[in-house]
Visitor: 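Below is the structure I would like to discuss, written out as structure tokens.
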Amino acid sequence: MDGRAVGVFDSGVGGLTVLHECLVTLPHEDFVYLGDHARLPYGPRPLAQVRGFAREIGSFLEAQDVKLIVVACNSATSAAMPQLQSELSVPVIGVIAPEARAAVQATRNRRVGLLATQATVDAGRYGDLVHALDAGVELHSVACPRLVPLIESDDPYGDATEEAVREYAAPLKDAGVDTVILGCTHYPLIRPLFQRVFGRDVTLVFSAEETAREVSDTLARKRIENDAARTGVYRFLTTGDPAAFREMGRRFLQLPIADVEHVAVSRLEGAAA
Ligand code: DGL
């Protein structure tokens with residue numbers, strides 16, 4: 001039995017969709033979630049910079065004595081996964097491998113689409129993982145720079161979002177994909193929009209549930225689970241404004257958010273030094 005918390009991080013609140021599934025799957029575990037709002041968004045930044053941010057946060061969470069780290073951000077997973085796993089002493093789980101696996105299993109015509117941030121598309125990790133599982137799958141990737149700001153706006157389900165989804169979906173529909181990876185933590189929030197645009201015959205893949213299952217399996221296999229009879233607690237850290245985090249976070253977590261603590265970026269930078 002291991003009473004330490006699980007660490008989860010993202011550039012902002014998008015990773016709360018992953019935390020949501022972890023809290024439902026593992027109600028007896030404690031979690032600490034860090035949102036790096038001061039440096040959001042990661043998606044348009046160069047990969048080396050995103051990798052640097054992820055390494056700082058990984059070291060910071062490790063110093064908080066977490067027992068496992070979930071990188072609940074597709075851009076950070078794409079940019080930094082091998083480095084985080086080799087540098088940190090605790091297990092690190094990302095959100096890309098579970099989605100790549102689910103997409104390869106789901107596709108019938110072996111044409112898969114990927115919608116993601118620019119950083120995630122540039123990193124090319126989905127292609128590597130998909131082709132490691134099935135070298136015959138065609139992966140069509142589309143960067144969607146307008147979606148994260150729209151989903152975080154006051155009107156996430158408005159006309160502008162629908163228009164952007166239709167524009168980004170068009171090349172994937174032309175390519176005849178039967179499976180689309182929603183490769184960004186924000187996208188599950190507008191899943192019905194994607195499903196309507198692509199139609200019922202296209203399978204949408206996103207990783208929150210698969211990632212939570214991987215966290216659960218890893219804790220069990222490494223025998224670092226907490227007592228199953230207890231009720232876990234969860235807390236939040238942000239490099240941005242705690243009140244804004246609480247307000248926006250509710251929409252993503254769909255569970256209560258109590259205290260949110262501010263952490264200065266300089267503390268993260270210090271952790272990696
Ligand atoms: N969390 C990021 C991701 O999943 C999206 C937000 C951002 O660009 O920072 O790629």
Side-chain angles (χ1 to χ4, degrees), residues 7-22 33-58 61 69-81 84 92-100 102-103 113-127 129 141-153 156 161 164-165 168 180-191 194 204-212 214 236-241 244-245 248-249 251-253 265 268:
V8 183
F9 77 89
D10 179 34
S11 54
V13 288
L16 293 174
T17 55
V18 177
L19 180 66
H20 170 102
E21 290 301 331
C22 289
Y33 179 97
L34 187 143
D36 191 8
H37 272 94
R39 301 185 290 193
L40 177 95
Y42 283 5
R45 293 179 186 273
L47 287 170
Q49 190 180 37
V50 177
R51 189 174 307 126
F53 294 166
R55 291 171 75 191
E56 288 169 12
I57 298 171
L61 287 174
I69 292 175
V70 184
V71 186
C73 173
N74 300 65
S75 303
T77 304
S78 299
M81 199 51 174
L84 291 176
V92 183
I93 290 175
V95 283
I96 286 187
E99 280 174 345
L114 167 67
L115 298 174
T117 66
Q118 191 67 54
T120 297
V121 169
D122 288 349
R125 277 188 61 79
Y126 275 104
L129 290 165
S141 304
V142 176
C144 312
R146 301 213 308 279
L147 286 187
V148 167
L150 283 166
I151 294 168
E152 293 218 357
S153 76
T161 311
V165 166
Y168 296 135
V180 174
I181 300 170
L182 302 182
C184 172
T185 48
H186 283 61
Y187 301 172
L189 248 81
I190 54 163
R191 187 197 161 131
F194 286 114
L204 299 180
V205 168
F206 60 96
S207 73
E209 257 179 71
E210 299 279 338
T211 305
E214 197 166 326
F236 301 93
L237 307 170
T238 176
T239 54
D241 173 19
F245 181 103
M248 171 89 64
R251 198 199 291 168
F252 284 75
L253 189 66
V265 167
L268 304 182

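Atoms within a ligand are numbered from 1 in the order they appear, just like the ligands themselves.
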Visitor: Side chains of Met248 and His37, heavy atoms from C-beta outward: is any pair under 4.5 Å?
Guide: no
Visitor: More than 12 non-hydrogen atoms from neighbouring residues, nucleotides or ligands closer than 6.0 Å to CD on Glu209, yes or no?
Guide: no
Visitor: Got Arg251 and Pro156 here, is their nearest side-chain heavy-atom distance under 4.5 Å?
Guide: yes
Visitor: Strictly distance-based, threshold 3.5 Å: is any side-chain N or O of Arg45 a donor or acceptor partner for the main-chain N or O of Arg39?
Guide: yes
Visitor: Do Phe53 and Tyr42 have their ring centres less than 6.0 Å from each other?
Guide: yes
Visitor: Compile the protein residues with any heavy atom at a distance under 4.0 Å from an atom of ligand 1; present them by chain, then by number.
Guide: Asp10, Ser11, Leu40, Pro41, Tyr42, Gly43, Cys73, Asn74, Ser75, Thr117, Val148, Cys184, Thr185, His186
Visitor: Quick one: does any side-chain atom of Ser207 pair with a main-chain N or O of Glu99 as donor and acceptor, under 3.5 Å?
Guide: no
